[in-house]
Novice: 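The structure under discussion is supplied below as structure tokens; questions concerning it will follow.
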Amino acid sequence: MELTKSAAAFAEAKKYIPGGVNSPVRSFKNVGGTPPFIVGGRGSKIYDIDGNEYIDYVMSYGPLLLGHGAPCVTAAVKEAAERGTSYGAPTLAETELARLVCRLVPSMELVRMVNSGTEATMSALRLARAYTGRDCIVKFIGCYHGHHDSLLVKAGSGAATMGVPDSPGVPQAVAATTLTLSFNDVPALKKLFAERGKEIAAVIIEPTPGNMGLVLPEEGYLETVREVTRAYGALLICDEVMSGFRSSQGGSQSLYDIDSDITCLGKVIGGGLPVAAYGGKRKIMELVSPAGPMYQAGTLSGNPLAMAAGLAALRYMEEHKVCEELESKTAILCGGLAKAAKRAGVPVQVHRLGSMFTVFFSAGSVKDYATAAACDLRAFGIYFHAMLEQGIYLPPSQFETNFLSLAHSAEDIEKTIAAAAEAFKKAARC
Ligand code: KE4
């Protein structure tokens with residue numbers, strides 16, 4: 001791949017933006033090399049400023065369920081923009097999207113729109129603390145819930161990728177109210193609650209974590225988390241910013257039948273524009289201002305262009321049963337990847353759920369952050385670059401999840417599997 005223009009663009013960007021990017025994982029810092037500067041996307045493809053075309057499995061880290069430039073989304077945004085871009089006043093579209101979300105995720109009886117997943121989880125924590133009058137929260141090592149202080153403790157995604165799961169700048173007093181556990185560890189969960197259950201306002205969990213790569217809950221684990229939180233009067237916050245409308249149409253709480261007190265959504269809900277949301281049981285959400293005293297606000301929350309994009313995407317998703325189609329496409333792709341790795345003699349674990357998947361470079365099972373972090377990151381880096389060279393654009397980190405879209409064709413999948421066969425051979429030689 002010729003990346004001359006991107007290399008120059010990256011050098012120029014670093015003059016004005018920390019690390020040349022507006023979100024760390026985009027920098028390719030942990031896999032090395034130059035990140036292609038993207039000029040556009042269409043369907044399953046993205047195009048960089050050097051004229052290269054890629055089959056995209058980042059999909060903006062999840063939002064693009066329908067692919068790049070989905071006509072229904074583009075048309076809806078254009079139409080909304082013709083009328084203006086922001087009002088700072090209520091609009092009908094906000095109610096329409098809220099009503100749709102409440103129907104698609106029934107545990108969300110009231111929902112508040114915000115602008116990012118970080119805002120959604122930050123607000124959900126404040127709400128849980130307001131509702132219970134308790135200060136401590138529990139998160140799981142390797143789960144990522146955005147970059148606000150309370151949750152940037154032993155975090156996954158870019159924090160793990162950059163080697164700063166416990167970022168500097170987080171006050172010790174704040175970090176002290178964040179208690180951490182390993183995912184899938186029932187004894188540790190029960191022990192912590194036995195010792196400190198009365199101090200715990202909430203457990204926040206990615207029910208099917210996607211920020212240490214895609215890790216799945218063991219049989220009965222999520223049910224136990226729900227039972228224990230209920231027994232001690234702590235709230236259960238399901239962070240479905242990534243898994244919402246991805247693991248299934250109703251998210252992972254619907255797949256695993258988990259009754260969530262508060263749910264956070266993002267990514268797909270905005271169809272590629274900045275929308276996230278938090279919502280849950282009416283008696284809890286009625287604490288949120290102006291209905292109640294817990295304050296939370298946002299200049300661009302419920303932005304009309306973003307609402308239009310989210311409504312268009314979710315309506316299309318439901319009407320065309322998109323999640324079902326993506327589930328079968330992802331199964332075909334992951335089956336092919338697993339076969340290609342086996343043929344090349346590279347030990348991998350291929351995890352998939354709905355339209356999400358991760359290839360872990362590990363001979364052993366991956367069930368939490370410790371086992372994900374033990375993966376062969378060097379082999380991953382070789383695989384990543386070999387795929388990029390062949391026009392397959394993957395998330396540049398072992399601790400990220402890949403995403404399919406409705407636009408990925410059978411031909412795209414075949415090409416990806418063929419490219420992976422070559423990439424695994426290269427990784428096998430390392
Ligand atoms: P944002 O603030 O980035 O919109 O959402 C934070 C967030 C919250 N919860 C979950 C489960 C998430 O996955 C995220 C963000 N995901 C990462 C990708 N792993 C965003 C990519 C990035 O940081 O650039």
Side-chain angles (χ1 to χ4, degrees), residues 17-30 35 38 56-64 113-125 137 139-162 164-165 167 183 203-217 237-247 251-253 260 262-278 298 300-301 303 306 309-310 353-358 369 372 393-403:
I17 304 170
V21 291
N22 283 310
S23 200
V25 72
R26 304 174 191 171
S27 65
F28 279 27
K29 188 170 181 183
N30 77 312
I38 303 304
D56 180 18
Y57 288 98
V58 176
M59 286 284 137
S60 184
Y61 290 94
L64 306 178
M113 301 294 168
V114 293
N115 301 282
S116 71
T118 296
E119 251 194 287
T121 59
M122 175 178 70
S123 307
L125 285 197
I137 54 110
K139 79 172 287 290
F140 297 89
I141 300 164
C143 285
Y144 179 74
H145 305 285
H147 63 83
H148 51 96
D149 285 353
S150 280
L151 288 168
L152 209 45
V153 175
K154 293 189 174 59
S157 181
T161 301
M162 299 297 146
V164 284
S167 171
F183 189 76
V203 164
I204 185 166
I205 190 166
E206 291 180 67
T208 50
N211 286 292
M212 37 184 136
L214 176 63
V215 167
L216 300 178
I237 302 171
C238 280
D239 178 353
E240 299 225 52
V241 166
M242 182 188 290
S243 55
F245 317 114
R246 276 272 176 198
S247 58
S252 296
Q253 60 188 268
S260 180
I262 302 173
T263 296
C264 300
L265 298 173
K267 299 179 189 278
V268 171
I269 190 178
L273 268 66
V275 183
Y278 68 102
L300 294 171
S301 296
N303 172 272
L353 183 70
S355 52
M356 305 183 290
F357 68 97
T358 294
Y369 180 68
Y393 190 82
L394 306 176
S397 166
Q398 176 69 93
F399 306 123
E400 293 292 348
T401 294
N402 299 259
F403 301 94

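Predicted model, so just to flag it, every value in this text is computed and none were measured. Order of appearance sets the numbers: ligands from 1, and atoms from 1 within every ligand.
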Novice: At less than 4.0 angstrom from any atom of ligand 1, which residues have a non-hydrogen atom? List them by chain and residue number.
Specialist: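 Residues within 4.0 Å of ligand 1: S23, V25, Y61, S116, G117, T118, Y144, H145, G146, S157, E206, N211, D239, V241, M242, K267, E400.
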Novice: With sequence neighbours left out, write down each residue that passes side chain to side chain contact (heavy atoms under 4.5 Å, CB included) with A309, or none if nothing qualifies.
Specialist: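 Per chain and number, A309 pairs via side chain to side chain contact (heavy atoms under 4.5 Å, CB included) with V73, V77, L273.
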Novice: If you look only at distance, which donor and acceptor atoms sit under 3.5 Å apart when one is on a side chain in residues 205-215 and the other is two or more places apart or in another chain?
Specialist:
{"unit_1": "E206", "atom_1": "OE1", "unit_2": "G210", "atom_2": "N", "d": "2.8"}
{"unit_1": "E206", "atom_1": "OE1", "unit_2": "N211", "atom_2": "ND2", "d": "3.1"}
{"unit_1": "E206", "atom_1": "OE2", "unit_2": "Y144", "atom_2": "N", "d": "2.9"}
{"unit_1": "E206", "atom_1": "OE2", "unit_2": "N211", "atom_2": "ND2", "d": "3.2"}
{"unit_1": "T208", "atom_1": "OG1", "unit_2": "S252", "atom_2": "OG", "d": "2.8"}

Novice: I want to know whether Y369 and F140 have ring centres closer than 6.0 Å.
Specialist: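 That pair fails the under 6.0 Å test.
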Novice: Hey, does Y278 have a side-chain heavy atom less than 4.5 Å from the side chain of V114?
Specialist: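 They are in contact (side-chain heavy atoms under 4.5 Å apart), so the answer is yes.
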Novice: Hey, could you give me the CG/CG distance between D56 and N402, rounded to the nearest 0.5 Å?
Specialist: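 Separation between the atoms: 9.5 Å.
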Novice: Return a table of donor-acceptor pairs under 3.5 angstrom between the side chains of residues 22-30 and protein atoms on other chains or two or more places apart.
Specialist:
{"unit_1": "S27", "atom_1": "OG", "unit_2": "P24", "atom_2": "O", "d": "2.7"}
{"unit_1": "S27", "atom_1": "OG", "unit_2": "K29", "atom_2": "N", "d": "3.1"}

